[in-house]
Every structure is written in structure tokens, then in C-alpha cells.
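Worth saying up front: this structure is predicted, and the values here are computed from it rather than measured. Sequence lines set the chain letters: A, B, ... in the order given, protein chains first and strands last, and positions in each chain run from 1.
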Number of protein chains: 2
Amino acid sequence: MTPSAAFMDTGHDHDLCMESALDRASALCGERGVRLTPLRRRVLELVWVGHKPLGAYEILDTLKAERQGAAPPTVYRALDFLLQHGLVHRIESLNSFVGCPDPLKPHGGQFLICRSCGLTAELNDHRIDQAIRNSANKAGFTVGRPMIEIEGLCPHCRDAGEGSPG
Amino acid sequence: MTPSAAFMDTGHDHDLCMESALDRASALCGERGVRLTPLRRRVLELVWVGHKPLGAYEILDTLKAERQGAAPPTVYRALDFLLQHGLVHRIESLNSFVGCPDPLKPHGGQFLICRSCGLTAELNDHRIDQAIRNSANKAGFTVGRPMIEIEGLCPHCRDAGEGSPG
DNA sequence: GTTCATAATGTTATAATATAACATTATAGT
DNA sequence: ACTATAATGTTATATTATAACATTATGAAC
Ligand SMILES: [Zn+2]
Ligand SMILES: [Zn+2]
Ligand SMILES: [Zn+2]
Ligand SMILES: [Zn+2]
């Protein structure tokens, strides 16, 4: 299973998952001649701690415990850098940030977001993209970044019946 | 041309466009036994002033000039009501609100948003929806509300060349 | 290795968006 | 009119994000 295929199995090797994400980030920055500084790397690491989007101030809380004088700009600047290089995505509906498993090619995000547990999976379905481009073209619209955020229930929470009763 | 088909022609009869939106809202609220109070109606009207999403505080600025003591809760409560009844959509990427031309059947929004002029068009393309559901189903995900926000250039701004140089 | 330009981060303050909590007023049914 | 409920008023505050300027770190030129 590739990292971007669907929801991460709860039993997947997340240490490896994170490590490879950081390695990819390091390689990408090297190729582009930009610096993955310790701060930026740490913020990326924090975003990758789970497959759940993290708010800027949640990241900040952790940074504050580690660095003297961490403040909002500390984290927002690191996030801006990571966003610019496609290393993280912003989840607009949650004002939160999540690591991108495939930063090399630019793309708007296609996200499945569990309303119960917060787990998020990134899709990259060409057919969704194609359907969007077809429809946009008909309207005479030039597509820039399509952003898709689908709220719902992940397999685990669906099976646990967290959707019907609540 | 139906209201939800694509970008409104700059020459369309927007007075009629707004009036019919308000009439539909009035009818919908009547059928549901809920009250489209003067405040709620006015907020809906303001949202419909253009086909550009409007921020809560922009709405508030106008309300303040009309009502004594309008405050953030004034507008957010009205917007909550309108959102609940599908009369407006929230554009997550802009923290803004736009009128829905088809409030009767519940749907996540499919929006084309011009980065140059701000004009927004709501699609309701079943094929996009279907592509999303197919992909989500493969991931074992139960779809709630799919939200699609596509940044790009509207026909007018594309023709004016507002995308290439900037 | 010193100098310099630039990039990155630190620091303080504030802007922009949104909600909590409680008081008051309007509405609709009895 | 009385009452329960819904809607709005009012004040305060929470949450998210950026502006502006000072300081420090980095890497290239000499
Ligand atoms: Zn993982
Ligand atoms: Zn991605
Ligand atoms: Zn119109
Ligand atoms: Zn709509």
C-alpha cells in the first residue's frame, strides 16, 4: 500500500512513515537549494506525529516547551515555508495542517476527514481531478488549485457505529 | 441559463436574481415552519448583493450602519441560521459566505472562485460528486458533506489576461 | 578568516475571525 | 393577559493569523 492510497492502517509502522516523510522533505529541500532548518524540520515532524491535522497553536504549544520564546510567527513562518514547498497542506475547514505524503508534484488536496476521530487521508484520484476540470472548463474557468475536503466517517469509526446514534 | 449553471453573466438581471433568491428563502422557511426574520432576511440579502463571498465582519459593518448595537453575534447567529437551512454556504478558504441558489436539497458546495475578481460560481455536477463517492467508498469512507473550492480564473479575468503576468 | 548581503528567527504588538455567557425583547400559543 | 420559547441585545473573551522591527545565523566574496 502506498502512503497516499487511503487511510493508514492503525497498525502501520508510523515511525517509518514519519521518518520517510522527513527524508523526502530533506531530499526535496536539498534539490531545490532551500534550507530545512531545525525549526522547520521540527514543525514538519510535529505535523507528521499523527495523520490528524494539527492547529498552528497546538504546534506552538509544543514548541514553547522546547524553545525559549516561540511565538505565533515562529510556527506560521515555518508552516508557510512547508506549504510553499508542498510539504504540508492546510485543511481549510479545520484551520489545521497535515503532512503531504507526495510533495514532489504540486496538487490541491483531496482529503477524507473523519468527523469522529479526526483521522485524515489524502487521495490523489485523477478521475476526481478530471471531473472537476471538465466541469470548470465548461464554465470557462481556468483551474488553479482544486481543494477538496470531504467530511465523513473513516472505516474504523463507521464500523464502531459512531455516526448513526450521535 | 439556470442560476446554478456557471458564472453569472456580468449583464444578468441581478435585481431579479436577488429577489428570486429571497422569495425562495421565504418559501422554504414557510414550509419548514421557521422564521425568516427581518434580520435574517437582511443578512441573506447582503450576502446576495454580489456573487462574491462576503466576510462576517463586512456584513457586520453594513448592519452597524442600519441597526443600533449590531455586534458579531448578530451576524454570526443569522449566518448560522442561514447555513443550517442551506440558504448560504461558507467558503472555507476565504472565511466568507455566499448565497446558495438551490437551498432545497442539501449538498456540500462545489465552488469556482476567481482569484482575480472574487466572483464565485456554484456548480452541482453529479459526475464530480460521483467520482468523489467512488473514491471514498474504495477507502471505506462514509461521505458526509463533500466540500470543493477551486481557486482559478473566471472567464472574464482569464480573457483580460489577469493570470499570466501577475 | 573577515566582510557583507541575505535569510532566518526573535520579539512585541495587533488584526481578523469567531464564540461564550447572560440579559432583554419579541413571538406564538393558551 | 400569561407563559414558554425563540430571537436578539450586550459585554467580554477565545481563536487564528499577521505586521513591524530587532537580532542572529548562514553562506558567498574577498
Ligand atoms: Zn503513519
Ligand atoms: Zn498532498
Ligand atoms: Zn445575480
Ligand atoms: Zn449550494
Checklist entry - Bend across the helix from C:dG1-D:dC30 to C:dT30-D:dA1, to 10°, with axes taken over 5 pairs at each end? => result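 Both end axes considered, the difference amounts to 30°.
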Checklist entry - Is there a residue in residues 35-58 of chain B whose heavy atoms reach under 4.0 Å of DNA chain D, and which residues are they? => result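 Listed by number, they are B:Arg35, B:Thr37, B:Leu39, B:Arg40.
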Next on the checklist: Below 4.0 angstrom, which residues in residues 71-93 of chain B have at least one non-hydrogen atom near DNA chain D?
Outcome noted: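 Residues of residues 71-93 of chain B that come under 4.0 Å of DNA chain D are, in numerical order, B:Ala71, B:Pro73, B:Thr74, B:Arg77.
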Considering only heavy atoms from C-beta outward, does the side chain of [X] approach that of [Y] to under 4.5 Å?
X: B:Glu45; Y: B:Met18; result: yes
X: A:His85; Y: A:Val34; result: yes
X: A:Ser135; Y: A:Phe141; result: no

Where do [X] and [Y] come nearest, in terms of heavy atoms and distance?
X: A:Asp102; Y: A:Arg24; value: N-NH1, 4.3 Å
X: B:Cys117; Y: B:Cys114; value: N-SG, 3.4 Å
X: A:Leu28; Y: A:Leu87; value: CD1-CD2, 4.2 Å
X: A:Glu92; Y: B:Ser93; value: OE1-CA, 3.7 Å
X: A:Ala139; Y: B:Pro155; value: O-CG, 3.3 Å

Item to check | Those residues that, when tested against B:His51, pass side-chain hydrogen bond (donor to acceptor under 3.5 Å, both in side chains) (two or more places apart) | outcome: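 Per chain and number, B:His51 pairs via side-chain hydrogen bond (donor to acceptor under 3.5 Å, both in side chains) with B:His12, B:His14.
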Checklist entry - Between which nucleotides of DNA chain C, 5' to 3', does chain A make heavy-atom contacts below 4.0 Å? => result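 For DNA chain C, the relevant span reads C:dA8 to C:dT12.
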Checklist entry - Taking only residues at least two apart or on different chains, which pairs with a member in residues 98-125 of chain A satisfy ring-ring contact (aromatic ring centres under 6.0 Å, His included)? => result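 Output for this query lists A:His89-A:His107, A:His89-A:Phe111.
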Checklist entry - In Å and rounded to the nearest 0.5 Å, what is the CE to CD1 distance from B:Met147 to B:Ile91? => result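 Interatomic distance, B:Met147 CE to B:Ile91 CD1, rounded to 0.5 Å: 8.5 Å.
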Item to check | Rounded distance (nearest 0.5 Å) linking atom CG of A:Asn95 with atom CG of B:Asn95 | outcome: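 A:Asn95 atom CG to B:Asn95 atom CG measures 6.5 Å (nearest 0.5 Å).
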